[in-house]
Amino acid sequence: MLWLPSATISTISEHQTTASRLLRAVSWERIQFAAAATTTFLGLGTACYAAYGMAFLNETYLYHSRRKDPRHNFSIYFYHAYLTYHLQDKVSWLAPITQLVSTGALGIKYAQQLPLCMMLQTMAFVAFNKVCTAQYFVWWLTLLPLVLPDVGFTRIIWPSTLWVLSQLHWLLWAYLLEFQGKAVHLQVWCASIFMLAANIHLMNRFIRCTSPVPFCYAPNSTKLKTK
């Protein structure tokens, strides 16, 4: 769902008319795919709901909308969750808003560079999530091989090093909190902010170092010349 709009936009040529774009965006093949995907999703969901009732909906979907994790993690929202765990939450709604705005803007801007777009959207989604742990980084690191050849490894050494150092800095405070029992929740939160800044800096470097070459070419667009 995160990549679907940008993947659709990437197949539409900038030189097409508005009517052609709409017809291409709503093709018969896509209608068939959407119908099959929707039917499968609703069918499996209905079957699970019939078997497990509301427990299925709560554990699968509703839990994530109201989840509050007071344990320390990379997310900048952890400290607020820690302070207001038993109180009314007035901040966590910002997480899905920032995710929606950032991923939507990136999807529209870089849809014609699909691998870069997919990785940037995933990085933004992870960075602004209410809960962020180390395994979440695998979501976008798996897309790195598609982007790295165009970027060049030497051009992202410094922001990548800064990103790794920000994690090590966070882990130092997390160690003092978890294993030494130190009251360093505020320091962990500050380290999370620093790590978010490092993540945004890395995203910016990927954008600046990537050549604006479309990954998917529409029928009316210029084709790559092969040797």
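All values derive from a computational prediction rather than experimental measurement.
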Practice task
Count the heavy atoms of every other residue, nucleotide or ligand shown that sit under 6.0 Å from OH of Y79, and state whether that count exceeds 12.
Solution key: yes
Practice task
Nearest 0.5 Å please: distance from the CD1 atom of I108 over to the OG1 atom of T103.
Solution key: 9.5 Å
Exercise for the section: Would you mind reporting whether Y110 and T210 have side-chain heavy atoms less than 4.5 Å apart? Expected result: no
Fill in the blank from the handout: Between F128 and A95, the two heavy atoms sitting closest are O-CB, 3.6 Å
Problem - Those residues that, when tested against F153, pass ring pair (Phe, Tyr, Trp, His ring centres under 6.0 Å) (two or more places apart) - result: none
Exercise for the section: Taking the side chain as every heavy atom from C-beta outward, state whether Q187 and L176 have any atom pair closer than 4.5 Å. Expected result: no
Exercise for the section: Can you measure from NZ (K109) to SG (C117) and round to the nearest 0.5 angstrom? Expected result: 12.0 Å
Fill in the blank from the handout: Separation between CZ (F78) and NE2 (H72), nearest 0.5 Å, reads 7.5 Å
Exercise for the section: Indicate yes or no for a side-chain donor-acceptor contact from T60 to the backbone of L57 under 3.5 Å, with no hydrogens or angles considered. Expected result: no
Practice task
Could you grab the distance from atom CD of Q99 to atom CG of N129, nearest 0.5 Å is fine?
Solution key: 4.5 Å
Practice task
Could you tell me how the ring of Y136 sits relative to the ring of W139: parallel (under 30°), tilted (30 to 60°) or perpendicular (over 60°)?
Solution key: parallel
Handout entry: S166 side chain vs F194 backbone, donor-acceptor pair below 3.5 Å
Key = no
Problem - Donor + acceptor pair across side chains of H185, W189 (<3.5 Å) - result: no
Practice task
Each residue besides V138 in its hydrophobic cluster should be listed here, by chain and number; the cluster joins Ile, Leu, Val, Met, Phe, Trp and Tyr at side-chain heavy-atom distances under 4.5 Å.
Solution key: none
Exercise for the section: Compare every heavy atom of S160 with every heavy atom of I156, then report the nearest pair and how far apart it is. Expected result: O-OG, 2.6 Å
Practice task
Taking all non-hydrogen atoms of both residues into account, name the closest pair between N73 and K130 and its distance.
Solution key: OD1-O, 4.1 Å
Problem - Minimum-distance pair of heavy atoms, taken over all atoms of Q167 and M195 - result: CG-CE, 3.1 Å
Fill in the blank from the handout: Between A124 and L106 the two heavy atoms that sit nearest each other are CB-CD1, 4.0 Å
Handout entry: side-chain contact (heavy atoms from CB on, under 4.5 Å) partner of H201, chosen from W163, F206, W158
Key = W158
Exercise for the section: Check whether any side-chain heavy atom of I97 lies under 4.5 Å from a side-chain heavy atom of L100, and answer yes or no. Expected result: no
Exercise for the section: Answer with yes or no whether the hydrophobic clustering places L168 together with L202; edges join I, L, V, M, F, W, Y residues whose side-chain heavy atoms lie under 4.5 Å apart. Expected result: yes
Exercise for the section: Please name the residue in the list T122, V126, T142 that meets the side-chain contact (heavy atoms from CB on, under 4.5 Å) test with F137. Expected result: V126
Handout entry: N199 side chain reached by M123 side chain, heavy atoms, under 4.5 Å
Key = yes
Handout entry: Minimum side-chain heavy-atom gap L94-Y77 below 4.5 Å
Key = yes
Exercise for the section: Identify whether F33 and L114 are in the same connected component of the hydrophobic contact network (ILVMFWY, side-chain heavy atoms under 4.5 Å). Expected result: no
Exercise for the section: To the nearest 0.5 angstrom, please state how far the CD atom of Q121 sits from the CE atom of M203. Expected result: 9.5 Å
Handout entry: Common cluster, F41/L44, ILVMFWY with side-chain heavy-atom separation under 4.5 Å
Key = no
Exercise for the section: Side-chain contact test, heavy atoms from C-beta onward, threshold under 4.5 Å: evaluate it for Y49 versus M54 and give yes or no. Expected result: yes
Exercise for the section: Using a 4.5 Å cut-off on heavy atoms from C-beta on, say whether the side chain of L116 contacts that of V151. Expected result: no
Practice task
Give the cluster check for L186 versus L83: same hydrophobic cluster or not, with ILVMFWY residues linked at side-chain heavy-atom distances below 4.5 Å.
Solution key: yes
Practice task
Establish whether L162 and F74 are linked, either directly or via other cluster members, by ILVMFWY side-chain heavy-atom contacts under 4.5 Å.
Solution key: no
